[in-house]
Amino acid sequence: MSSLVFFLQLLFIVPLALGLNHPNCDLTKTQDQGSTLRIFHIDSPCSPFKSSSPLSWEARVLKTLAQDQARLQYLGNLVAKRSVVPIASGRQMLQSTTYIVKALIGTPAQSLLLAMDTSSDVAWIPCSGCAGCPSNTAFSPAKSTSFKNVSCSAPQCKQVPNPTCGGRACSFNLTYGSSSIAANLSQDTIRLASDPIKAFTFGCVNKVTGGSTIPPPQGLLGLGRGPLSLMSQAQSIYKSTFSYCLPSFRSLTFSGSLRLGPTSQPLRVKYTPLLKNPRRSSLYYVNLVAIRVGRKVVDLPPAAIAFNPTTGAGTIFDSGTVYTRLAKPVYEAVRNEFRKRVKPHTAVVTSLGGFDTCYTGQVTVPTITFMFKGVNMTMPADNLMLHSTAGSTSCLAIAAAPENVNSVVNVIASMQQQNYRVLIDVPNGRLGLARERCS
């Protein structure tokens with residue numbers, strides 16, 4: 001992890017033409033409107049990326065925990081260099097994002113699915129003819145009259161890792177475990193809902209060699225703060241403002257939404273200051289001041305939740321991590337209070353992988369409230385507990401953050417954000433929260 005530069009989940013895009021069998025899963029009939037895109041969960045019945053061999057509940061939980069652990073290790077190891085634009089190593093392709101949106105790229109448009117990621121800065125696409133890419137279907141530059149490669153003299157060429165200029169086009173190589181990935185920096189028109197964005201810069205992957213790990217097939221739309229993110233490239237359209245409401249993975253249709261730009265944002269929103277940490281400048285930091293379990297405000301060590309621009313510590317909102325992680329002393333204090341308030345009090349605590357607060361049989365659990373400056377985020381049982389398919393086992397879906405990192409980041413993850421509208425308003429320096437049913 002020491003070779004990480006900065007923030008990207010390198011994932012791949014698959015055309016919408018993939019077959020989906022459920023009657024409510026015809027993605028071509030899903031209408032995005034204005035600057036609003038519909039969202040669905042990557043593991044939902046409508047997802048073309050769900051496993052073809054269904055895993056048991058326990059196996060699925062353990063797999064997601066492992067992916068989260070890798071992502072958190074990645075988040076924790078981000079260290080900014082003042083002369084380097086935030087981009088991350090390709091080895092982070094092992095992580096899998098959670099929510100998917102539609103996009104149209106090229107002229108004429110080619111329909112694609114992209115994973116939205118609030119902590120990444122760029123978009124990446126496997127292009128046709130890619131050797132070693134995990135999918136036979138890819139974006140075809142030859143079929144787009146608006147496609148072009150980025151020249152070596154362009155400023156964007158300095159914003160990717162290890163740029164090379166064997167020809168006139170800017171190209172670069174990424175490491176992916178024991179594999180190597182070659183890509184060209186390219187531009188084309190991307191259309192999100194009704195908004196065309198011309199000369200949008202993205203990585204066009206043309207070769208994957210070596211190693212035994214196959215990259216996942218879906219692609220990435222980075223919504224972070226870096227210069228190659230969607231928010232930066234489309235600043236004139238969206239004014240560095242967007243909001244999203246994440247549906248449950250059980251939702252069959254595009255019931256969540258991603259709203260781009262300051263218009264049509266909800267009015268009844270409570271805000272907390274949006275902080276910028278120079279050590280991890282792509283991330284959306286907030287000031288977590290306390291945590292309440294039921295009616296009890298938990299006694300926490302102040303340093304464990306403090307925002308620290310020197311070390312990069314603090315609390316972030318992230319759509320790509322599934323389960324919230326807290327610094328170990330914070331988690332242990334919250335967990336201990338949670339256990340005290342679970343009913344019946346005689347319920348036996350067991351563990352599953354990284355989750356150490358699991359129960360067999362029916363239990364009643366308290367709410368947990370993250371208290372930020374200016375707004376509280378109260379999570380009911382649906383946002384807190386994982387339930388087995390049979391319903392006999394349930395686990396608190398919060399865990400301790402890994403300690404072997406440069407500085408621990410508390411991550412408010414996607415499961416805990418479900419059915420909340422999260423509004424990122426960079427120009428006004430604020431993050432808004434409002435309850436919204438989107439499942």
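Residues: numbered from 1 along the sequence shown.
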Is any side-chain heavy atom of Lys373 closer than 4.5 Å to a side-chain heavy atom of Pro273? yes
Taken to the nearest 0.5 Å, the spacing of Lys296 NZ from Arg341 CZ works out to 7.5 Å
Output for pair (Cys395 SG, Tyr359 OH), nearest 0.5 Å, gives 10.0 Å
Donor-acceptor pair, Thr241 side chain versus Asp425 backbone, under 3.5 Å? no
Evaluate the side-chain proximity of Lys276 to Ser281: yes if any heavy-atom separation is below 4.5 Å, no if none is. yes
How many angstroms lie between atom CG of Leu396 and atom OG1 of Thr357, to the nearest 0.5 angstrom? 5.5 Å
Donor-acceptor contact below 3.5 Å, side chain Arg225 vs main chain Tyr284: no
Quick check for you: to the nearest 0.5 Å, what is the distance between Leu221 atom CG and Ile190 atom CD1? 6.0 Å
Thr367 side chain vs Thr378 backbone, donor-acceptor pair below 3.5 Å: no
If every non-hydrogen atom of Gln235 is compared with every non-hydrogen atom of Ser240, which pair is closest and at what distance? CG-OG, 3.4 Å
Arg421 and Ser243: side chain donor to acceptor below 3.5 Å: yes
Can you name the closest pair of heavy atoms from Cys438 and Pro247 and give their distance? O-CB, 3.4 Å
Return the orientation label for the Tyr244 and Phe242 ring planes: parallel under 30°, perpendicular over 60°, tilted otherwise. parallel
Tell me the closest heavy-atom pair linking Leu300 and Ala333, and the distance in Å. CD2-CB, 3.8 Å
On the ring face of Tyr420, is Arg435 found with NZ or CZ under 6.0 Å from the centre and within 45° of the axis? yes
Scanning both residues in full, the closest heavy-atom pair of Leu192 with Ala103 reads CD2-CB, 3.7 Å
Side chain of Thr350, backbone of Cys358: donor and acceptor closer than 3.5 Å? yes
Using only atom types and a distance under 3.5 Å, with no angle test, would you say the side chain of Asn419 pairs donor to acceptor with the backbone of Arg437? no
For the residue pair Ile291 and Thr369, establish whether any side-chain heavy-atom pair is separated by less than 4.5 Å. no
Thr321 side, atom OG1; Gln417 side, atom CD - distance, nearest 0.5 Å: 9.5 Å
Kindly state each residue pair satisfying salt bridge (Lys or Arg N to Asp or Glu O under 4.0 Å) with at least one member in residues 343-364, sequence neighbours excluded. Arg335-Asp356, Arg339-Asp356
Calculate, to the nearest 0.5 Å, the distance between atoms CE and CD1 belonging to Met379 and Ile398 respectively. 5.5 Å
Measure centre to centre between the rings of Phe317 and Tyr285, then say whether the value is under 6.0 Å. no
Might you point out which heavy atoms bring Val289 and Phe372 nearest each other, and give the distance in Å? CG2-C, 4.1 Å
Within the structure provided, determine whether Ser319 and Met116 are in side-chain contact (heavy-atom separation under 4.5 Å). yes
Between Thr310 and Asn308, is there a donor-acceptor pair closer than 3.5 Å when you use the side chain of the first and the backbone of the second? no
Beyond-backbone contact of Pro366 with Val342, side-chain heavy atoms, under 4.5 angstrom: yes
Does Leu104 offer a backbone N or O that forms a donor-acceptor pair with the side chain of Arg191 under 3.5 Å? no
What one should report as the nearest heavy-atom pair of Ala397 and Gln416 is O-NE2, 3.2 Å
With side-chain contact (heavy atoms from CB on, under 4.5 Å) as the criterion, how do Thr324 and Val411 come out once you've worked through the C-alpha distance, each side chain's angles and the decisive distance to 0.1 Å? CA-CA 5 Å; Thr324 288; Val411 180; 5.9 Å; no
side-chain contact (heavy atoms from CB on, under 4.5 Å) evaluation trace for Val426 with Ile424: CA-CA 6 Å; Val426 174; Ile424 305 293; 4.0 Å; yes
Is Ser257 close to Thr36 at the side-chain level, that is, under 4.5 Å between some pair of heavy atoms? yes
Evaluate Val330 against Val298 for side-chain contact (heavy atoms from CB on, under 4.5 Å), listing each step before the verdict. CA-CA 9 Å; Val330 176; Val298 182; over 6 Å; no
So, Asp121 side chain and Pro227 main chain: donor-acceptor pair closer than 3.5 Å or not? no
Taking the side chain as everything from C-beta on, heavy atoms only, tell me whether Leu260 gets closer than 4.5 Å to Leu230. yes
Close side-chain approach of His387 to Ser392, heavy-atom, < 4.5 Å: no
Ile412 vs Met377, test: side-chain contact (heavy atoms from CB on, under 4.5 Å). Steps then yes/no. CA-CA 10 Å; Ile412 312 301; Met377 180 181 180; 4.2 Å; yes
Spell out, as yes or no, whether a donor-acceptor pair under 3.5 Å connects the side chain of Asp117 to the backbone of Tyr99. no
